[in-house]
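For reference, the structure discussed in these notes is given below.
Proteins get letters first, then strands, A, B, ... in listed order; numbering begins at 1 in each.
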Protein chains: 2
Amino acid sequence: MRSSDLSRLERLDAIAALLKDDAALTANGLAERLGVSLRTISRDLALLRDRGVPVEADRGRGGGLRLPRQWGVGRLSLTYREAVELLVSLAIAEQLPSPWLIANLAAIRRKLVASFAPSLKDKIAGLRSRILIGGSASAAVLESFSPLGPEISEALLTGFLEQRRVRLFYRDVAGRLTEREVEPQWLLLNTPVWYVMGWDHKRQAVRSFRCDRILEAHLTDVPFTLRPAREFDEAIADIRAIRP
Amino acid sequence: MRSSDLSRLERLDAIAALLKDDAALTANGLAERLGVSLRTISRDLALLRDRGVPVEADRGRGGGLRLPRQWGVGRLSLTYREAVELLVSLAIAEQLPSPWLIANLAAIRRKLVASFAPSLKDKIAGLRSRILIGGSASAAVLESFSPLGPEISEALLTGFLEQRRVRLFYRDVAGRLTEREVEPQWLLLNTPVWYVMGWDHKRQAVRSFRCDRILEAHLTDVPFTLRPAREFDEAIADIRAIRP
DNA sequence: AATAATACGCCATTTAATGGCATGTTTCTT
DNA sequence: AAGAAACATGCCATTAAATGGCGTATTATT
């Protein structure tokens, strides 16, 4: 069963893939399967080890090759958007009051951040601290809750991530319709309701917006810089106080 | 500024890394920087594209090479344990009632699962559905809550993931100390309290355990198989009913 | 129209990969 | 204790791939 000819790069990938299927494999078996000599497999293994794949070999009769159990996972390619969503999820999970199964999340987050382009790193590094997870929403809030449209969440999230101003059409508590120009600086979740907090340019003040009361959201090209956290203390406290 | 000689593999990595630093780069610049000819760079770019890296090129004066913004993220290598913790985090985030910024988590989860060895996939695929996120714990529960030791959570989590029986020393509601032999089949979070549900071999019945009342947990080598979900309906309802 | 960039085909040359063989080492079986 | 089955590594002739140089085509800007 010889596979069609593979370039060296492809063969390395193939070997790693075969080793992940923790069937008992010998170097000889690999050689036959990939249609190359034992010597070549041997060199490929050395190369894989050089490149950080922890191939383990049991010598002697009955031996063979394997990857350690810990190494179940190969390389994961994520798009920018997927990585960001992952970061948001991690932020949520990390802020749960009871992190027992997720002791190493910080390490994962570091790896994720490290894989971003340097120009994005700065923006992304502080992201986690600007997402707050509160408690559950009050019954009154729950009653009036409605899910968000994808365009709105897209615009808000992008504005939040890339620090760009967003133009909102908002229905406020009293039911009045207003247009705002907002820097989305913080996100807060009182399950299931998300809030955006930021500098409101029309009002020249920190304001918070219940996301499901936003009727339209349009991303602009105007960048903004982060304001000091303490400016938001009051707004955060306000939202949290909505709870019964 | 010529880097020390690189093998082709290394050069491909280097090019991808340089492109991630979205500095304006031309093929000629890369050639000088890496000490190879323009023709070689050109071929390397073709190779990268073959391997799925979406290198974009602007032709003409002022042009150059770049990766699209979306592509911030290269390849992420996670250990088995990290991947599992990531899956758990995803499960938690996905079960939040308001998933607006995390619409694509399912795609990420699929990629993650796909990167596992086939033999592990089965176990891991069903993992998410066996983690339940409830609401917040009641005041009464909160009062008696204490955080878990790392050894206990390690044993419980491993037992849950690898489907192996766990021996518990448990202080029950009445304060009695008992020893149990449990198959940890479900996890349930009423923030911040985790519960393990599973088949109790001493009692021959489904039982649930508040994790912070577990005094000791020892992993055994005895494997178990999953029981049908409906057997746990009652126990799940019970725990959820603890809330006020 | 000139220029600066990528894209790609061709070919001689250089370098790296390969196979074969020999040798050493570890571990299990008999 | 001997033998067999596995990995590890060195050496060398052979083969295949990568490289550089050149030419040409294409695209976008000035």
*Would you mind building the protein contact string for nucleotides 12-24 of chain D? One character per nucleotide, 5' to 3', B for base within reach (heavy atoms under 4.0 Å), S for sugar-phosphate only, - for untouched.*
------SBBBB--
*Return the set of residues passing salt bridge (Lys or Arg N to Asp or Glu O under 4.0 Å) with Asp50(A) (not counting sequence neighbours), or none when no residue passes.*
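For Asp50(A), no residue satisfies salt bridge (Lys or Arg N to Asp or Glu O under 4.0 Å) once neighbours in sequence are set aside.
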*asked:* Please enumerate all residues that pass salt bridge (Lys or Arg N to Asp or Glu O under 4.0 Å) together with Arg59(A), with sequence neighbours excluded.
replied: none
Contact list (N/O, under 3.5 angstrom) for nucleotides 27-30 of chain D vs protein:
residue: dT27(D); atom: O2; partner: Gly60(B); partner atom: N; Å: 3.4
residue: dT30(D); atom: O4'; partner: Arg61(B); partner atom: NH1; Å: 3.4

Checking [X] side chain against [Y] main chain: does a donor-acceptor pair fall under 3.5 Å?
X	Y	result
Arg49(A)	Val55(A)	yes
Thr158(A)	Glu154(A)	yes
Glu183(A)	Gly159(A)	no
Arg130(B)	Trp186(B)	no

*Going through the distances and angles, do Val166(A) and Val196(A) end up as a side-chain contact (heavy atoms from CB on, under 4.5 Å)?*
CA-CA 11 Å; Val166(A) 174; Val196(A) 178; over 6 Å; no
_Steps toward side-chain contact (heavy atoms from CB on, under 4.5 Å) verdict (Arg180(A), Phe169(A))_ = CA-CA 6 Å; Arg180(A) 316 284 185 117; Phe169(A) 291 92; over 6 Å; no
*Checking Arg227(A) against Phe232(A): charged group under 6.0 Å from the ring centre and within 45 degrees of the axis?*
no
*Contact boundaries of DNA chain C with chain B (under 4.0 Å, heavy atoms), 5' to 3'?*
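Boundary nucleotides touching chain B, in 5' to 3' order, are dT3(C) to dC10(C).
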*asked:* Restricting to non-hydrogen atoms, name the atom on Ile152(B) and the atom on Leu215(B) that form the minimum distance, rounded to 0.1 Å.
replied: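 That closest heavy-atom pairing would be CD1-O, 3.5 Å.
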*To the nearest Å, give me how far apart CG (Leu19(A)) and P (dC7(D)) are.*
11 Å
*Roughly how many Å is it from CG in Leu25(A) to C1' in dA5(D), rounded to a whole number?*
16 Å
_Are Leu19(A) and Ile15(A) packed together at the side-chain level, in the sense that at least one heavy-atom pair is separated by less than 4.5 angstrom?_
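A side-chain contact under 4.5 Å exists here.
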*Using five pairs at either end of the helix from dA1(C)-dT30(D) to dT30(C)-dA1(D), determine the angle between the two local helix axes and round it to 10 degrees.*
40°
